[in-house]
Amino acid sequence: KDIQLFVNRLDSVESVLPYEYDAFDFCKDTDERRPSENLGQVLFGERIETSPYKFSFKADKACVKVCTKSYDAGSREDKLKLDFLKKGMELNYQHHWIVDNMPVTWCYIVEGNQKVCNPGFPIGCLVNQEGKPKDACVINADFNKKNTYYIFNHVDITIVYHSGDEMNGMSPRLVAATLEPRSVKHSDEDSPSCEGTPMDIPAEFKSNLKVTYSYSVSTIWLKISKKALPSISPYLLMAQLNFIFFSIMNSLVIVLFLSGMVAMIMLRTLHKDIARYNQMDQVPQADRQESGWKQVHGDVFRPPRMGMLLSVFLGQGTQVFIMIFITLFLACLGFLSPANRGALMTCAVVLWVLLGTPAGYVSARLYKTFGGENWKTNVLLTAFLCPGIVFVDFFLMNLILWVEGSSAAVPFGTLVAILALWFGISVPLTFVGAYVGFKKPGIEPPVRTNQIPRQIPPQTFFTKPVPGIIMGGILPFGCIFIQLFFILNSIWSHQMYYMFGFLFLVFIILVITCSEATVLLCYFHLCAEDYHWWWRSFLTSGFTAVYLFVYAVHYFFSKLQIIGAASTILYLGYTLIMVLIFFIFTGTIGFFACFLFVNKIYSVLKVD
């Protein structure tokens with residue numbers, strides 16, 4: 001049977017702008033077809049289409065010509081085509097080919113005789129005027145001309161099959177595909193020979209040029225058991241699992257140790273506090289010397305300033321929290337594996353749309369608890385504030401992608417579909433949740449609030465709001481920054497991320513750490529008789545997002561080689577979306593942990 005090889009968009013670690021295969025002047029399939037793409041694939045800019053590279057099951061092929069591209073030195077159109085191809089080689093743009101829904105991998109040897117595999121391979125490479133080659137050229141010593149481009153116009157494709165086992169009901173099946181790109185100057189276009197000098201393209205286009213593309217196919221048969229099948233793909237062997245496992249265990253041990261310390265201090269100290277406060281009923285009024293968190297019992301549930309905005313953030317944060325939890329849980333079960341392209345993003349968007357009801361309910365209920373009466377403004381802000389900011393940022397980034405002609409630009413029809421999901425499903429569900437929330441009574445505090453606010457005594461440096469908030473984000477960020485490196489690698493360095501089990505564990509660790517850090521700092525502030533805890537609890541854990549932004553900027557300058565104003569703006573724009581979502585997500589965790597903690601300690605207190 002025939003095996004279909006698909007080509008995907010081309011991307012680069014030096015640019016955020018991916019381009020369709022057709023944007024470059026490569027050979028095209030005469031009968032070009034595009035498989036239907038889901039929402040996640042479109043949002044991530046995947047553009048899959050059939051390729052002109054044809055081969056069949058069990059059939060080897062040697063040096064098959066695909067097509068010849070001619071460039072006339074006098075043609076402005078040809079010059080533009082060749083300039084775009086050169087730009088692609090200069091920025092190290094990578095092909096991404098797919099066979100049987102698996103990436104065709106390029107494996108090569110680096111220093112230390114170590115084998116490295118990539119899910120893509122470069123268009124070609126540039127040897128600059130100083131004779132220094134780009135990364136893609138290092139593997140070939142024949143690339144020795146200065147100020148010259150070398151195009152990889154020939155590929156040796158190796159298809160690995162397992163031979164099947166009819167006794168166990170296994171038919172022969174393709175299990176991996178690798179290739180080796182080569183640059184070959186074909187002497188005869190009609191019957192090409194795939195050996196010889198490299199196909200060089202001078203930096204100055206002064207004479208006519210012809211580039212012939214060709215390929216070879218060889219097959220390898222393996223006799224393996226059914227259990228061994230999933231481990232064959234060389235790409236999955238790339239990840240440094242030992243390093244990741246060690247990092248996760250390191251984070252887990254630190255967090256568990258800190259959790260134990262926090263729990264022990266909190267439980268012992270609180271137990272003594274509550275016992276001491278409750279025994280004071282037996283002490284004469286004149287002899288009482290009260291201090292600490294009991295003193296602010298009449299003010300601790302005083303509604304916060306800007307309660308409307310806080311309730312809106314908490315409603316949206318609840319929506320994001322449930323969305324992330326369900327998405328990661330499904331990914332752990334294997335429903336959203338990388339083989340199912342775009343599934344993760346599609347699942348997240350659909351869940352966010354369907355979770356409008358919890359957002360509306362939480363926002364309305366808390367707003368009513370704060371004594372708010374402008375319920376119409378509350379429900380409109382819940383439905384439109386945070387999603388509106390994200391959509392405006394996304395739309396502006398999309399405009400830049402449109403201007404640059406990138407394949408990552410989301411089509412107008414998809415933008416309309418996203419707006420339809422937002423206005424047609426998410427907004428009505430938010431209204432329903434808000435209606436239910438406003439019908440319910442506000443959450444009753446365990447102690448009465450005094451009419452006259454208590455004066456807050458002078459605070460030490462560490463119990464002032466800003467130092468506490470800055471300190472609060474350090475511990476949660478320390479738990480996630482290792483996984484953050486791999487996530488940023490998967491987004492910007494185009495590496496496959498499939499360790500969702502580890503990620504789910506880090507998610508649980510993050511929730512615990514955010515809760516504990518916020519509760520601990522909240523307790524210290526209440527002991528210092530500062531009862532303004534509502535916003536502080538949200539901002540303390542939410543400040544983790546500021547560290548996330550700082551790390552993303554550090555990653556941009558230290559790990560990426562991105563150049564160009566458009567790519568830099570796109571990186572910052574998409575990073576700001578991540579930071580906003582992470583801010584309301586972590587802030588919501590901290591707030592509800594603190595809310596439960598404060599309600600609990602004042603409910604067991606005997607108050608006159």
Donor-acceptor pairs under 3.5 Å, side chain of residues 389-402 to any protein atom, not counting sequence neighbours: which ones?
from, atom 1, to, atom 2, distance (Å)
N398, OD1, V410, N, 2.7
N398, ND2, V410, O, 3.1

Holding to ring pair (Phe, Tyr, Trp, His ring centres under 6.0 Å), I want the full list of residues that pass it with [X], two or more places apart in sequence or in another chain.
| X | value |
| --- | --- |
| Y71 | none |
| Y571 | W492, F556 |
| H95 | F26, W97, F121 |
| F205 | none |

**Message:** Tell me which pairs pass salt bridge (Lys or Arg N to Asp or Glu O under 4.0 Å) where either residue lies in residues 149-158, with sequence neighbours left out.
**Reply:**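 Those involving residues 149-158 are D156-R182.
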**salt bridge (Lys or Arg N to Asp or Glu O under 4.0 Å): pairs with one or both residues in residues 17-28, sequence neighbours excluded** =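 Checked against salt bridge (Lys or Arg N to Asp or Glu O under 4.0 Å) - neighbours excluded - the pairs reaching residues 17-28 are E20-R34, D22-R34, D25-K69.
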Quick one: closest heavy-atom pair of [X] and [Y], and the distance?
| X | Y | answer |
| --- | --- | --- |
| F152 | G124 | CD1-CA, 3.6 Å |
| V99 | A177 | CB-CB, 4.4 Å |
| A408 | P18 | CB-CG, 3.4 Å |

[X] side-chain N/O to [Y] backbone N/O, donor-acceptor pair under 3.5 Å:
| X | Y | value |
| --- | --- | --- |
| Q316 | F313 | no |
| S541 | T586 | yes |
| T513 | P476 | no |
| D72 | G74 | yes |
| E37 | I48 | yes |
| R9 | Y19 | no |
| S15 | S12 | no |

Any donor-acceptor pair under 3.5 Å linking the side-chain atoms of [Y] with those of [X]?
| X | Y | answer |
| --- | --- | --- |
| Q4 | R33 | yes |
| H154 | S183 | no |
| R341 | N101 | yes |

**Prompt:** Rounded to the nearest 0.5 Å, what separation is found between the OH atom of Y150 and the NZ atom of K185?
**Reply:**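 Y150 atom OH to K185 atom NZ measures 9.0 Å (nearest 0.5 Å).
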**Message:** With rounding to the nearest 0.5 angstrom, report the CD1 to OG1 distance, I480 to T544.
**Reply:**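 One gets 7.0 Å once the value is rounded to the nearest 0.5 Å.
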**Message:** Test of understanding: with salt bridge (charged side-chain N to carboxylate O under 4.0 Å, His left out), list the residues that count as partners of E77, not counting sequence neighbours.
**Reply:**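 Result, salt bridge (charged side-chain N to carboxylate O under 4.0 Å, His left out) vs E77: K81.
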**Set of residues satisfying disulfide (SG to SG under 2.5 Å) with respect to C27, sequence neighbours excluded** =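 Counting only residues at least two positions away or on another chain, C27 forms a disulfide (SG to SG under 2.5 Å) with C67.
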**Request:** Apply side-chain hydrogen bond (donor to acceptor under 3.5 Å, both in side chains) to T50 and list each qualifying residue two or more places apart in sequence or on a separate chain.
**Result:**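 Scan of T50 (side-chain hydrogen bond (donor to acceptor under 3.5 Å, both in side chains), adjacent residues dropped) gives D29.
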List the atom pairs, donor and acceptor, that lie under 3.5 Å between side-chain atoms in residues 347-356 and the rest of the protein, sequence neighbours left out.
none

**Prompt:** Got a salt bridge between D83 and K79, using NZ or NE/NH1/NH2 to carboxylate O under 4.0 Å?
**Reply:**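 Salt bridge: yes.
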**Prompt:** If you count the non-hydrogen atoms of other residues, nucleotides and ligands that lie under 6.0 Å from CZ in F84, is the total more than 12?
**Reply:**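 Result for CZ/F84: enclosed.
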**Prompt:** Are there more than 12 heavy atoms of other residues, nucleotides or ligands under 6.0 Å from atom CZ of F423?
**Reply:**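 Result for CZ/F423: enclosed.
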**Request:** State which residues pass side-chain contact (heavy atoms from CB on, under 4.5 Å) with I589; sequence neighbours excluded, sorted by chain then number.
**Result:**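 side-chain contact (heavy atoms from CB on, under 4.5 Å) list for I589, sorted by chain: F321, V511, C514, S515, F585.
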